[in-house]
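Counting starts at 1 for both ligands and their atoms, in listed order.
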Amino acid sequence: MSPPSPPRQIAVPISNMSNLSRQVSNSLNLSTSPNLSFHSPPTSFRAPPSYTANTPGYSAGAAAANAKQLKPFDTKDVKVLLLENVNLAGVNILKEQGYQVEAIKSSLPEDQLIEKIRHVHVIGIRSKTRLTERVLKEAKNLLVIGCFCIGTNQVDLSYAASQGIAVFNSPFSNSRSVAELVISEVIALARQLADRSMELHNGTWNKVSKGCWEIRGKTLGIVGYGHIGSQLSVLAEAMGMEVIYYDVVNLMGLGTAKQVKTLDDLLDQSDFVTLHVPETGDTKNLIGKTQLDKMKNGSYLINNARGKVVDIPALIEAMRSGKLAGAAIDVFPNEPAGNGDYFNNELNDWVKGLQGLKNLILTPHIGGSTEEAQSAIGAEVSTALVKYVNEGSTLGAVNMPEVNLRNINLDEPNCVRVVFIHKNVPGVLRQVNGVLLNHNIDKQSSDSRGDVAYLMADVSDVKEDEIRSLFQSLEELPSSLRTRMLY
Ligand SMILES: NC(=O)c1ccc[n+]([C@@H]2O[C@H](COP(=O)([O-])OP(=O)(O)OC[C@H]3O[C@@H](n4cnc5c(N)ncnc54)[C@H](O)[C@@H]3O)[C@@H](O)[C@H]2O)c1
Ligand SMILES: O=C(O)[C@H](O)COP(=O)(O)O
């Protein structure tokens, strides 16, 4: 079967794009941000891709043939802060839009983060940077947050939504990388590979078979059978393992994998237990002393999920007592800000107890750190950010309803896209339609998620000097969280 063909493309060389964006500013100074202006670029300006980097045939320069390009402001005024070494693929997509991009390799201490976040419209982070209510309160210009990773527990999602700030992530681009790492860890633990390697590095020949096993026929217990857990399940079966899994949701097992009813059932039957749940209130210390006691004697624990899912002092005790024959840990409650930083007791007060334990693999949160995963995540999240900033599309947002409208066409020159993020209370649509009363609404879509609702409307025959008053009337509605006018 051949893949669906991408929309026809307008051929604008990438090198010309940022120049174009600088040439096409007409300052109406209408914006959610005081220092930004709105403008309508020429028709030759490249559209952000209307489909994602994962779509077959994706090209960053693709645009629907007759689509008008919407740019909410002069693109060179859009300020982007990227932390934690976001992949170049992602950085470049944002730069090609003409946005001002500052990319920093590490995360920032909270005071420096607050100082910087005040000035930006877009922030890109990975798993380390905490965007708490305290930090977001200072982010007066912020429109959107991109998590260039799977996890979004580091962001106060509901507070962000309440401020009209959308959050995007990459839900599965590094899943395969994590699943492959777990397979390597299962074998490495079963064969005590890390210890043998360390011994030989230190000059000691120690050829042993005692306590070393094949993984064929052993039972792998997967806690959390989502994107990573289910991918891992297939790989593990291909290696000859029996797979069981526990999840709070009833899910179809792939291959011959079987769901068990309780976590205790899984702990009781598994030779290897591997964790793939998100960090939530329910998963904090999901594996503590009680659960470790229920595991088989001489079994193994692997945690590539989040640091708080395992009670590490209890794990240290289980390793010392010989209850566990080995463990692999990739994630920690507190992690260093960047490469070269120390991993010691100042960070987590049990680190010394962990270091030096036999058959314990410690890795610096590298589950998703492959070239493939990072470039795919970079392209996917940056594309979503561009589509949100330029077109208002919330497809893929994790804290807002998903709303999208088909493109405004080139033959609709006076059409304005209204984006109205508002409190999800009765009567708002009536009020919005009251503001737009004298205009034809070509198309409109709205949806709600919890306390927040998102409305997009393409309104035709709006003169430039009417845009400001429409904007102000919408902003003044009591339910308003944020208004944007794109044209
Ligand atoms: N080490 C790394 O670099 C790395 C990389 C990617 C993801 N992660 C972590 O792995 C987590 C899982 O990723 P995913 O893509 O598979 O997520 P996912 O959302 O696709 O799957 C998570 C699964 O866990 C289940 N679950 C939730 N709470 C549970 C509970 N209390 N008990 C049992 N099951 C529960 C859910 O129902 C879901 O099926 C992410 O949230 C992230 O924190 C780490
Ligand atoms: O949530 C994730 O995707 C992983 O934990 C990876 O996070 P990272 O991008 O900070 O390595």
Side-chain angles (χ1 to χ4, degrees), residues 82-87 90 105-107 124-131 146-155 157 167-182 184-185 221-234 244-254 257 259-267 273-288 291 302-310 328-333 335-339 361-378 380-381 398:
L82 299 177
L83 301 176
E84 303 185 62
N85 204 13
V86 166
N87 187 270
K105 284 205 180 306
S106 65
S107 62
I125 59 168
R126 289 173 61 184
S127 61
K128 167 80 186 154
T129 303
R130 305 233 159 251
L131 295 179
C147 298
F148 286 77
C149 56
I150 291 181
T152 53
N153 57 291
Q154 69 279 36
V155 179
L157 295 177
V167 183
F168 293 87
N169 74 338
S170 174
F172 50 77
S173 290
N174 66 20
S175 310
R176 174 72 186 201
S177 301
V178 181
E180 288 187 8
L181 181 68
V182 176
S184 78
E185 288 169 340
I222 301 174
V223 182
Y225 202 69
H227 288 109
I228 297 170
S230 56
Q231 177 79 208
L232 172 62
S233 167
V234 175
I244 57 176
Y245 60 95
Y246 167 69
D247 200 294
V248 284
V249 175
N250 272 343
L251 293 164
M252 186 189 76
L254 300 178
Q259 184 157 12
V260 293
K261 284 209 169 66
T262 65
L263 179 60
D264 285 358
D265 290 342
L266 181 135
L267 298 172
V273 172
T274 183
L275 307 173
H276 300 288
V277 291
E279 180 184 307
T280 64
D282 289 342
T283 61
K284 188 168 179 201
N285 288 338
L286 187 70
I287 304 295
Q291 291 70 31
I302 299 174
N303 184 17
N304 285 280
R306 280 292 179 263
K308 290 184 181 155
V309 176
V310 175
I329 311 178
D330 186 47
V331 284
F332 305 88
E335 296 177 357
N339 286 348
I361 301 172
L362 298 178
T363 46
H365 202 148
I366 53 164
S369 294
T370 61
E371 298 281 1
E372 292 92 337
Q374 291 308 311
S375 60
I377 289 172
E380 183 182 2
V381 178
V398 295

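Counted by atom type alone, T363 and D330 present one or more donor-acceptor pairs between their side chains at under 3.5 Å. Side-chain contact of S175 with Q231: a donor-acceptor pair under 3.5 Å is absent, judged by distance alone.
Annotation: G368 places an N or O atom under 3.5 Å from an N or O atom of ligand 1; distance criterion only. Considering both main-chain and side-chain atoms, Y246 never comes within under 3.5 Å of ligand 1 through any nitrogen or oxygen pair. Of the N or O atoms in D330, one or more lie within a sub-3.5 Å distance of an N or O in ligand 1.
Annotation: atom 26 (N) of ligand 1 to nearest protein heavy atom, V248 CG2, 3.7 Å. Regarding atom 9 (C) of ligand 1, its nearest protein heavy-atom neighbour is A305 O, 3.5 Å. Nearest protein heavy-atom contact of atom 4 (C) of ligand 1 is N304 O, 3.6 Å. Summary of contacts: the protein heavy atom closest to atom 21 (O) of ligand 1 is G226 CA, 3.2 Å. Looking only at protein heavy atoms, the nearest one to atom 22 (C) of ligand 1 is H276 O, 3.5 Å. Closest to atom 7 (C) of ligand 1, if we only count protein heavy atoms, is I228 CD1, 3.5 Å. For atom 38 (C) of ligand 1, the closest non-hydrogen atom on the protein side is D247 OD2, 3.5 Å. Counting protein heavy atoms only, atom 11 (C) of ligand 1 is closest to V277 O, 3.6 Å.
Note: N87 CG to S173 OG = 11.0 Å, rounded to the nearest 0.5 Å. The NZ atom of K261 lies 14.0 Å from the CG atom of L266; values are rounded to the nearest 0.5 Å. Note: S107 OG to E335 CD = 9.5 Å, rounded to the nearest 0.5 Å. We find the CD1-CD1 distance between I222 and I228 to be 11.0 Å, quoted to the nearest 0.5 Å. The distance from the OG1 atom of T152 to the CG atom of L131 is 11.5 Å, given to the nearest 0.5 Å. Interatomic distance, SG of C147 versus CZ of R126, reported as 11.5 Å (0.5 Å rounding).
Below 30°, between 30° and 60°, or above 60°: for Y245 and Y225 the angle between ring planes is below 30°, a parallel geometry.
The only member of V249, I244, L251 that meets side chain to side chain contact (heavy atoms under 4.5 Å, CB included) when paired with Q259 is L251. Put simply, the residue from E185, H276, H365 that forms a side-chain hydrogen bond (donor to acceptor under 3.5 Å, both in side chains) with N304 is E185.
Within ligand 1, the atoms closer than 4.0 Å to a non-hydrogen atom of P278 are 22 (C), 24 (O), 27 (C), 41 (O), numbered from 1 in the order shown. Close approach of ligand 1 to N174 is summarised as follows: ligand atoms under 4.0 Å from at least one heavy atom of the residue are 5 (C), 6 (C). Proximity to H365 (heavy-atom distance under 4.0 Å) selects the following atoms of ligand 1: 1 (N), 2 (C), 3 (O). Proximity to V249 (heavy-atom distance under 4.0 Å) selects the following atoms of ligand 1: 37 (O).
The two atoms that bring E372 and S375 nearest to each other are O-OG, 3.4 Å, heavy atoms only.
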Need the list: ligand 2 N/O atoms against protein N/O atoms, distance under 3.5 Å, rounded to one decimal.
unit_1   : atom_1 : unit_2 : atom_2 : d
ligand 2 : 1 (O)  : I150   : N      : 3.3
ligand 2 : 1 (O)  : G151   : N      : 2.7
ligand 2 : 1 (O)  : R306   : NH2    : 2.7
ligand 2 : 3 (O)  : I150   : N      : 2.5
ligand 2 : 3 (O)  : N174   : ND2    : 3.0
ligand 2 : 5 (O)  : R306   : NH1    : 2.7
ligand 2 : 5 (O)  : R306   : NH2    : 3.3
ligand 2 : 5 (O)  : H365   : NE2    : 2.6
ligand 2 : 7 (O)  : S127   : OG     : 3.4
ligand 2 : 9 (O)  : R126   : NE     : 2.7
ligand 2 : 9 (O)  : R126   : NH2    : 3.2
ligand 2 : 10 (O) : S127   : N      : 3.0
ligand 2 : 10 (O) : S127   : OG     : 2.5
ligand 2 : 11 (O) : R126   : NH2    : 3.1

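For the pair Q374/S177, no side-chain contact is recorded, criterion being any heavy-atom separation below 4.5 Å from C-beta on. Annotation: side chain of Q291 is not in contact with side chain of L286 (no heavy-atom distance under 4.5 Å). Put simply, the side chain of N174 does not reach to within 4.5 Å of the side chain of T370, judged on heavy atoms.
At a heavy-atom cutoff of 4.0 Å, ligand 1 is contacted by both the backbone and the side chain of H227. Heavy atoms of L263 found under 4.0 angstrom from ligand 1: none, in either backbone or side chain.
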* Taking it one step at a time, do N153 and R130 satisfy side chain to side chain contact (heavy atoms under 4.5 Å, CB included)? -> CA-CA 9 Å; N153 57 291; R130 305 233 159 251; 4.2 Å; yes
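Atom 17 (O) of ligand 1 is never approached by the protein to below 4.0 angstrom, counting heavy atoms only. By the definition of a contact as any protein heavy atom under 4.0 Å away, atom 32 (N) of ligand 1 is in contact.
Using 4.0 Å as the threshold, E279 has no heavy atom nearer than that to any atom of ligand 1.
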